[in-house]
Amino acid sequence: MMLTMSIPTRLPLSPPPSTSTSTSTSTSHPSPVLLPDRACTLLDGCATIPRLLEIHAAALRAGIHSHPIVNFKLQRTYASLGRLDRSLSLFFSLTDSPNVYLWTSLIHSHASRALHSQALSLFSLMLSSGVAPNAHTYSSILKSCPLNQGRAVHSHVVKSSLANEPYVRTTLLDMYARAGDTESASHLFETMTDRTLVTSTAMITCHAKNGSVDDARRVFDSTIDRDVVCWNAMIDGYTQHGRPNEALSLFRDMLSSKIRFNDVSVLSVASACAQLGALESGRWIHAYAKSNGIDVGEAQVGTALVDMYCKCGSLEDARLVFDGIGNKDVVAWNSMIVGYAVNGLSREALRLFSDMTQLKLRPTDITFIGVLSACGHAGLVDEGRRLFHSMKEDYAIEPKIEHYGCLIDVLSRAGHVEEAYELVKSMPMEPDQVLWGTLLGACKLHGNASLGEEIAEFLVANGLANSGTYTLLSNIYASKGDWKNVARARALMKEHKIQKEPGCSSIEVDGRVYEFLMGDLSHPKSGDIYAMLEELREALKARGYVPRTELVLHDVDEAEKERVLSVHSERLAIAFGLISTRPGTPIRIVKNLRVCLDCHEVTKLISKITGRRIVVRDRNRFHHFVDGACSCGDYW
DNA sequence: ACATGGATAG
């Protein structure tokens with residue numbers, strides 16, 4: 001055996017329970033002489049710890065406590081009620097050496113509770129005590145195996161000739177899938193002559209988890225008699241890999257093939273709508289789930305819907321679902337808090353945080369991401385500092401680079417750029433690109449050219465620069481009117497062959513999501529869209545709007561710079577929204593990059609001119625434009 | 001005893 005594992009450091013030997021005195025007169029008291037058969041029946045119907053202690057005491061009094069089946073059931077019932085400590089002490093107090101069922105049950109209780117190292121230790125003990133594992137044992141222990149130990153177990157499986165057991169094969173596949181070893185999983189799958197629906201589903205999940213969604217689809221297409229789990233695995237593969245449109249479309253295929261969806265389907269599809277910012281589709285799936293008996297007040301489903309509504313910029317809907325969740329856990333609170341934060345409703349985020357702590361719910365590191373980013377969006381410097389320290393002092397949560405990133409954003413955006421820089425230097429971890437980007441962005445915002453240049457040059461010299469670095473560097477110079485250095489930044493970008501990610505915005509109209517690239521001419525309604533843009537241009541000019549052509553980095557004349565700005569992807573999407581929806585309908589845009597300053601000004605004006613609410617979700621946050629003003633208060 | 005599963009900076 002190649003497995004190297006440690007023996008449990010502590011074998012709990014807690015005394016037997018002594019609660020029997022108070023229950024001796026109870027009507028549910030077992031008969032005076034408890035027989036093994038009767039004890040087993042009682043244990044099978046036992047659902048609470050007090051009841052279990054009662055039966056356990058009776059078994060002790062009757063002297064049947066070491067009866068192999070009674071002991072097994074006691075042990076298993078303790079495990080099922082979350083008292084693994086008692087399961088272990090029963091197990092290790094056995095006089096006879098445990099058989100394979102006892103070992104397997106114990107290993108399973110640990111493995112299924114993600115107590116992997118304990119499960120592995122027990123498995124190791126089992127092997128050294130000379131008991132041969134069976135198919136159940138392997139299928140349990142494989143859940144706890146990292147790749148190396150998984151391979152070792154695999155070779156044991158082969159030797160033990162259990163390799164064709166369906167449960168064993170599926171967990172082997174799953175083990176390779178978890179370890180990211182698609183090749184071994186595929187090999188295993190390809191060599192199977194009798195694939196079952198479950199093994200195919202495991203293979204689909206494996207491909208999907210490792211990003212080969214198209215390979216997953218091939219397996220999916222070749223699988224016959226697919227059930228809801230199989231469909232969900234494929235749908236979620238699309239969702240988890242940034243292909244939400246395909247997820248939605250496959251969900252519709254599932255409905256038309258008469259497969260009943262379940263709550264897991266809703267989780268996936270809600271997340272797809274969240275990614276798309278597709279409120280209409282999101283509302284549809286919410287209503288559809290409700291009318292098909294899915295409990296949207298259940299924490300997991302409710303939370304997925306809360307997140308979906310937040311990411312579609314509809315906080316009212318999100319809050320309604322949130323308030324309807326029966327047993328709100330920390331994940332539900334986190335998603336609502338983060339949702340308020342990303343939408344710029346910082347006060348609401350902080351209020352919810354205080355509600356949550358008042359309910360004695362323990363915040364997590366993600367809660368602090370939420371409240372710290374809320375502080376960043378609202379310029380709440382003191383509150384940000386206070387929360388950052390409270391995280392460590394009051395909740396013993398060690399700040400991660402993301403938390404430093406938030407605090408650095410809070411400080412630097414508010415103008416404390418030097419203090420933020422000092423914080424970066426004092427962090428216990430290496431700053432990453434994102435963090436440098438935050439600081440650079442603040443340098444640009446506050447015209448701190450010297451520090452901005454220092455950081456940017458450092459990033460360029462160390463090969464850490466991305467297109468954003470060059471753009472920011474160039475913008476820093478542009479905001480100072482230093483055109484020579486703007487040109488130099490542009491030249492550097494060319495020299496390093498840095499490609500700028502093309503801007504792309506999308507909008508949902510009638511349940512369909514339309515995408516627009518910058519300068520896109522491919523939409524069938526392109527003519528109307530550009531006519532609308534021209535109309536808007538006139539209206540904007542009449543209101544004294546002057547294009548911020550200095551933001552354009554290309555080496556072209558003024559008129560061309562103006563044209564470049566006017567076809568930024570969000571403007572095409574907004575124009576399309578204006579011509580495709582009734583007057584007064586809010587327009588919701590999702591953009592892959594940050595909104596530029598010029599588009600931000602223009603969108604404010606468009607909201608004024610057209611009387612429309614315009615909600616723009618950019619790479620970082622939401623902007624809600626109403627009547628000429630933006631919810632961010634121009635603090636972004 | 002196996003397969004699907006809600007929240008994460010800028």
Side-chain angles (χ1 to χ4, degrees), chain A residues 101 104-105 107-108 111-112 134-143 165-175 177 196-206 208-209 223 227-237 239-240 261-268 270-271 274 298-308 310-311 321 325 329-339 341-342 364-370 372-377 399-410 412-413 432-442 468 594 618-621 636:
Chain A
Y101 299 102
T104 302
S105 165
I107 289 167
H108 176 248
S112 61
N134 63 20
H136 294 234
T137 326
Y138 285 123
S139 79
S140 285
I141 194 60
L142 280 165
K143 268 207 273 283
E165 291 290 325
Y167 285 82
V168 177
R169 291 189 318 191
T170 312
T171 35
L172 273 170
L173 264 182
D174 191 50
M175 182 274 296
T196 63
L197 176 56
V198 180
T199 49
S200 295
T201 304
M203 194 64 234
I204 291 166
T205 308
C206 176
K209 281 220 170 82
T223 305
D227 64 359
V228 64
V229 178
C230 186
W231 281 89
N232 285 348
M234 191 63 236
I235 292 170
D236 199 56
T239 300
Q240 300 294 328
F261 71 101
N262 63 12
D263 52 345
V264 178
S265 328
V266 177
L267 300 179
S268 231
S271 164
E298 186 269 319
Q300 211 156 311
V301 173
T303 303
L305 292 172
V306 167
D307 180 55
M308 179 276 291
C310 287
K311 290 198 173 129
V321 177
I325 298 177
D329 57 11
V330 67
V331 181
W333 285 88
N334 285 351
S335 63
M336 194 68 233
I337 289 172
V338 171
V342 79
T364 66
D365 55 337
I366 296 164
T367 321
F368 282 99
I369 297 279
L372 287 171
S373 68
C375 293
H377 292 157
K400 297 204 273 193
I401 192 157
E402 292 91 335
H403 300 99
Y404 279 98
C406 288
L407 185 58
I408 283 154
D409 184 51
V410 172
S412 62
R413 190 184 297 279
D432 60 10
Q433 276 196 8
V434 175
L435 208 143
W436 286 123
T438 306
L439 207 49
L440 263 179
R594 294 209 67 180
D618 78 8
R619 169 168 280 193
N620 290 353
R621 57 165 298 167
W636 57 289

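So that the names make sense, note that chain A is the first sequence line, chain B the second, and so on, each numbered from 1.
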Polar side-chain contact A:Asn232-B:dG5 base: donor and acceptor under 3.5 Å: no
Donor-acceptor pair between A:Asn232 and A:Ser265 side chains, under 3.5 angstrom: yes
Whole angstrom value for the distance that separates P of B:dC2 from CG of A:Asn134: 13 Å
Per A:Glu402 side chain, nearest of listed nucleotides B:dG5, B:dA9, B:dA7: B:dA9
Which atom of A:Cys310 lies closest to which atom of A:Met336, heavy atoms considered: SG-CE, 4.3 Å
hbond_proxy A:Thr170 side chain to B:dC2 base (donor-acceptor, 3.5 Å cutoff): yes
Proximal nucleotide (of B:dG5, B:dA9, B:dA7) relative to the A:Ile401 side chain: B:dA9
Of the listed nucleotides B:dA7, B:dA3, B:dA9, the one nearest the side chain of A:Val198: B:dA3
Sugar-phosphate, base or nothing in reach of A:Asn620, heavy atoms under 4.0 Å: base
Nearest-angstrom distance from the residue atom CG of A:Leu372 to C1' of B:dA9: 9 Å
base_contact_polar (B:dA9 base, A:Asp432 side chain, donor-acceptor, <3.5 Å): yes
d(CD, A:Gln240; P, B:dT4) in whole Å: 12 Å
Proximal nucleotide (of B:dA7, B:dC2, B:dT4) relative to the A:Tyr167 side chain: B:dC2
Phosphate contact (B:dA3 OP1 or OP2) by A:Lys209 side-chain N/O below 4.0 Å: no
Minimum-distance nucleotide to A:Asp263 side chain [options: B:dG5, B:dA1, B:dA3]: B:dG5
Interatomic distance, A:Thr303 atom OG1 to A:Glu298 atom CD [nearest 0.5 angstrom]: 8.0 Å
Rounded interatomic separation in angstrom, taking CZ from A:Phe368 and C1' from B:dA7: 15 Å
Donor-acceptor pair between A:Thr364 and A:Asn334 side chains, under 3.5 angstrom: yes
A:Ile369 CD1 to B:dT8 P, straight-line distance once rounded to whole Å: 10 Å
Sugar-phosphate, base or nothing in reach of A:Val338, heavy atoms under 4.0 Å: sugar-phosphate
Touch class at under 4.0 angstrom, heavy-atom based, for A:Ser335 against every strand present: sugar-phosphate
Touch class at under 4.0 angstrom, heavy-atom based, for A:Asp365 against every strand present: nothing
A:Ser268 side chain vs A:Val264 backbone, donor-acceptor pair below 3.5 Å: no
Under-4.0 Å side-chain N/O to phosphate OP1/OP2 contact, A:Lys143 with B:dC2: yes
Sugar-phosphate, base or nothing in reach of A:Ile408, heavy atoms under 4.0 Å: nothing
Separation of B:dT4 P from A:Met234 CE (nearest whole Å): 14 Å
Candidate nucleotides B:dA3, B:dA7, B:dA1, ranked by approach to the side chain of A:Asp307 - the nearest: B:dA7
Euclidean distance, atom CD1 of residue A:Ile107 to atom P of B:dA1 [Å, nearest integer]: 14 Å
Atom-pair distance (CG on A:Leu173; P on B:dT4), nearest Å: 11 Å
Among B:dA9, B:dG6, B:dG5, the one nearest A:Ala299 by side-chain distance: B:dG6
A:Asp365 with A:Lys400: basic N within carboxylate O range, under 4.0 Å: yes
Nucleotide of B:dA1, B:dA9, B:dG5 approaching A:Asp236 most closely (side-chain heavy atoms): B:dG5
Sugar-phosphate only, base, or nothing, as touched by A:Ala270 at under 4.0 Å among non-hydrogen atoms: nothing
Sugar-phosphate, base or nothing in reach of A:Thr438, heavy atoms under 4.0 Å: sugar-phosphate
Polar side-chain atom of A:Ser139 near backbone of A:His136 as donor-acceptor pair, under 3.5 Å: yes
Closest to side chain of A:Ile366, choosing from B:dA7, B:dG6, B:dG5: B:dA7
Among B:dT8, B:dT4, B:dG5, the one nearest A:Gln300 by side-chain distance: B:dG5
